[in-house]
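Letters A, B, ... mirror the listed sequences (proteins, then strands); counts begin at 1. Note that the structure is predicted; figures quoted are calculated from it, not measured.
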Amino acid sequence: MTEIEFLGWVRGTGFQLATVIFIAGVIIRLVEIVMLGRKANLAEPGGSEMRSGLRTIISRMIPDKSTFQRSSFTIVSGYIFHIGLFICIFLFAPHILVFKDITGLSWPSLPTPVVDAVTVVTIISLGSIMLHRYQNCVLKFLTNTEDILVWIVTLLPLVTGYIAFHRIGSSAPGLIALHILSVEILLVVFPFTKLMHTFTIFLSRWYNGAISGFRGVES
Amino acid sequence: MTDLRNGKDKTLGEILRSQGISRRSFLKFCAATASMMSISPALIPKIAHALENARRPSVIWLSFQECTGCTESLTRAHTTTIESLIFDSISLDYHHTLQAASGHAAEAAREAAMRENDGKYLLVVDGSIPLGNPGYSTIAGISNYDMLMETAKGAAAIIAVGTCATYGGLPHANPNPTGAVSLNEVIKDKPVINVPGCPPIPVVITGVLAHYLTFGSIPDLDHLGRPRAFYGNSIHDRCYRRPYYDKGLFAETFDDEGAKKGWCLYKLGCKGPTTYNACATTKWNDGTSFPIEAGHPCLGCSEPDFWDGGGFYKALSMPTENISKTAVYTATGALAAGVALGTMNQNKKNKAHDSHSKTTVSDLEK
Ligand code: SF4
Ligand code: SF4
């Protein structure tokens, strides 16, 4: 297989397969979760579930003071790499074209050197998060294989993207193909791992808020 | 004396002089060739000396499944340049488009050239070789494959000119009805110098010839058998529109403001980022311009299978298949499957609930 054939495969068949697994996996899991439902609570409601639920989705974005003091590193680096990922995925011109091709929607992009710099920052913050995990004995104890897998498949598209952009070590078609392949691996792994939090985070935050709302307490 | 010698015995220097090319412009050509091929300037006198004293090498040019565009590219220089004279200075003993003889007389010329220059002649090939059926393409009743193998045997060096000979090209495009293959796929015992492009840049082939005449060896090749000197950089890395790419300024259509301002053509399908060729530096038509300068995205013609790259006007990062359709079908199917599974889960839960009987005091008393 030549580099160009490899690129052709990841842009064609590979992309199709990854899309099918990703979409089917995410939808089936979400529908199953939603359909599980909750037991009817026969107690008298102390407040609105919906309002408290929605508020919690937003309010949990800002950590409370004591939590922040306890785990400031995790929170700051967590924010940095999530925002970094968002910028790299959604604000790089060639990526926007992919979304445009699939959904018809398009939006302005950031200059390439900006995305390049953000990529480096994101890679560094992901690296330091893993280091931190192993330096903290509680976190280390809690770390399992899935955590490592998820970390690797998230990091790979960033690293391969950076390498492809700067053409390090090999020629462009092969490097771009590797980058697309790494994204396809991420898509395939996504529905089966905790990467699902991208979607379930809002459900679970709403749920937490709703429980408190029902009881009439602050969440 | 010199005039009495037949053309084959003349040295290249003599031929150039008889064409009125001054030594000064000849040296300029040598310097340009050296810099183009990343050869140290200290070697320019050596190149000049070697080229001047080179005897006209015998060249056999075989054309298989091709469109003659490559020959056109090489022979239709707008003005007479030293490059084209270098090309004229080889002894083209067989080229069925350019030679006067045809049919069996032409074949006799090829056989004679092979015999007289055994082990010394250069073999240039354009066009792909059909393996599906030998009858798909024949010359004087000889199949392309047989003619290639027979002629390749005694060749000192083999040059595949154009994308068809280097990768199969248009005949090899999906579904490849003739079973077309490139030279590399059938010639395994000798290195093939690949000079891809649809067509290749004329000066690239004269550069390869000049290298061969000077050093008697083949130039440094990349992993696709292309001379690194010409195919070492991607179009994108040498493109004058690159600053616009970096700033995120793109032409969205062929006639919008961006297009008029000369912004990057990435969104219009430019394959410059994955294409290795000398267009952006050497340019076309005696250095006039290259396609991107004319406002058209690079098609990627010097890379394998560029016909099958998902469309010339589809941006490189876009998937080649219709993913929206796949996504909609998958989502619909997944929704149905999700509901079915959810219902099954509910039934299971209900059943468990129903079959659950509470422990009563009498149970405990038993
Ligand atoms: S026009 Fe093509 S080769 Fe030039 S910068 Fe844009 S994408 Fe790269
Ligand atoms: S710009 Fe691209 S497509 Fe055009 S001739 Fe050069 S390599 Fe081929």
Side-chain angles (χ1 to χ4, degrees), chain A residues 2-5 7-17 19-37 91-98 100-104 106 108-116 164-165 167 170-177 179-180, chain B residues 167 174 222-224 231-232 234-237 242 245-250 252 264 266-267 271-276 300 303-306 308-310 314-346 349:
Chain A
T2 63
E3 277 180 78
I4 291 274
E5 277 168 352
L7 181 61
W9 188 84
V10 294
R11 285 178 70 201
T13 315
F15 211 104
Q16 296 262 37
L17 287 174
T19 314
V20 169
I21 296 173
F22 174 74
I23 295 185
V26 168
I27 291 185
I28 290 176
R29 272 195 80 174
L30 285 179
V31 171
E32 271 197 296
I33 293 170
V34 171
M35 282 185 70
L36 265 182
L91 298 179
F92 184 49
H95 297 168
I96 299 173
L97 289 176
V98 180
K100 187 180 171 196
D101 190 52
I102 300 171
T103 62
S106 158
S109 61
L110 279 178
T112 316
V114 175
V115 182
D116 192 30
F165 180 72
R167 315 232 193 297
S170 178
S171 57
L175 293 177
I176 294 177
H179 173 58
I180 301 177
Chain B
Y167 315 121
N174 195 19
D222 72 3
H223 66 291
L224 289 174
Y231 297 90
S234 72
I235 301 287
H236 186 60
D237 286 339
R242 180 65 184 267
Y245 172 89
D246 288 335
K247 280 190 209 134
L249 298 174
F250 301 97
E252 306 276 340
C264 171
Y266 187 90
K267 290 191 177 178
K271 304 294 181 291
T274 49
T275 305
Y276 288 76
E303 296 295 326
D305 299 325
F306 81 103
D308 295 325
K314 194 152 200 187
L316 198 54
S317 61
M318 286 182 176
T320 52
E321 310 277 338
N322 187 343
I323 299 292
S324 329
K325 213 162 92 186
T326 311
V328 170
Y329 286 157
T330 312
T332 319
L335 213 60
V339 171
L341 284 168
T343 316
M344 269 160 66
N345 292 341
Q346 272 173 357
K349 206 166 81 181

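For the pair B:T330 (side chain) and A:V20 (backbone), a donor-acceptor distance under 3.5 Å is absent. With hydrogens and angles disregarded, a donor-acceptor distance shorter than 3.5 Å links the side chain of A:T112 to the backbone of B:Y245. Remark: side-chain polar atoms of B:Q346 are paired, donor with acceptor, to backbone N or O of A:M35 under 3.5 angstrom. Side chain of B:K267 to main chain of A:P94: no donor-acceptor pair is present (N/O by atom type, distance under 3.5 Å, no hydrogens or angles). Judged by distance alone, the side chain of A:R11 and the main-chain N or O of B:S317 form no donor-acceptor pair under 3.5 Å. Checked by atom type and distance alone, the side chain of B:Y276 pairs as donor or acceptor with a backbone atom of A:A172 at under 3.5 Å.
If you measure heavy-atom distances from A:I28 to chain B, the contacts under 4.5 Å come from both the backbone and the side chain. For B:N345, the part lying near chain A is the side chain, with the backbone staying farther off; criterion is any non-hydrogen pair under 4.5 Å. Residue contact with chain B, scored on non-hydrogen atoms closer than 4.5 Å, is absent for A:F22. Both the backbone and the side chain of B:L316 come within less than 4.5 Å of a heavy atom of chain A. For a residue to count as touching a neighbouring chain, one of its non-hydrogen atoms must lie under 4.5 Å from one of that chain's; by this rule B:K325 does not touch chain A. For chain A, no part of B:Y167 is nearby; none of its heavy atoms comes within less than 4.5 Å. A:R29 does not touch chain B: none of its heavy atoms, backbone or side chain, sits under 4.5 Å away.
Separating the CG atom in A:L30 from the CG atom in B:L335 is a distance of 10.5 Å, to the nearest 0.5 Å. Note that CD1 of B:I323 and OG1 of A:T19 are 4.0 Å apart. Values are rounded to the nearest 0.5 Å. The CG atom of B:N322 sits 7.5 Å away from atom CG of A:D101, with the distance rounded to the nearest 0.5 Å. Rounded to the nearest 0.5 angstrom, B:K247 NZ and A:L110 CG are separated by 15.5 Å.
Chain A forms the most heavy-atom pairs under 4.5 Å with one residue out of B:D237, B:L224, B:D305, and that residue is B:D237. With chain B as the partner, the residue from A:T2, A:V98, A:I33 showing the most heavy-atom pairs under 4.5 Å is A:V98. Contact count against chain A (heavy-atom pairs under 4.5 Å) is highest for B:P319 among B:A331, B:A327, B:P319, B:G338. Ranked by non-hydrogen atom pairs under 4.5 Å with chain B, the options A:I23, A:I180, A:I176, A:V26 are led by A:I23. By number of non-hydrogen pairs under 4.5 angstrom with chain B, the leading residue of A:G8, A:S171, A:G174 is A:S171. Counting heavy-atom pairs closer than 4.5 Å to chain B, the top residue among A:H95, A:E3, A:K100, A:E5 is A:E3.
Among all heavy-atom pairs drawn from B:S324 and A:I102, the shortest one is OG-O, 2.9 Å.
Between B:K271 and A:P173, the closest side-chain pair of non-hydrogen atoms is not below 4.5 Å.
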Applying side-chain contact (heavy atoms from CB on, under 4.5 Å) to B:S234 and A:R167, what does each step give before you reach the verdict? CA-CA 10 Å; B:S234 72; A:R167 315 232 193 297; 3.5 Å; yes
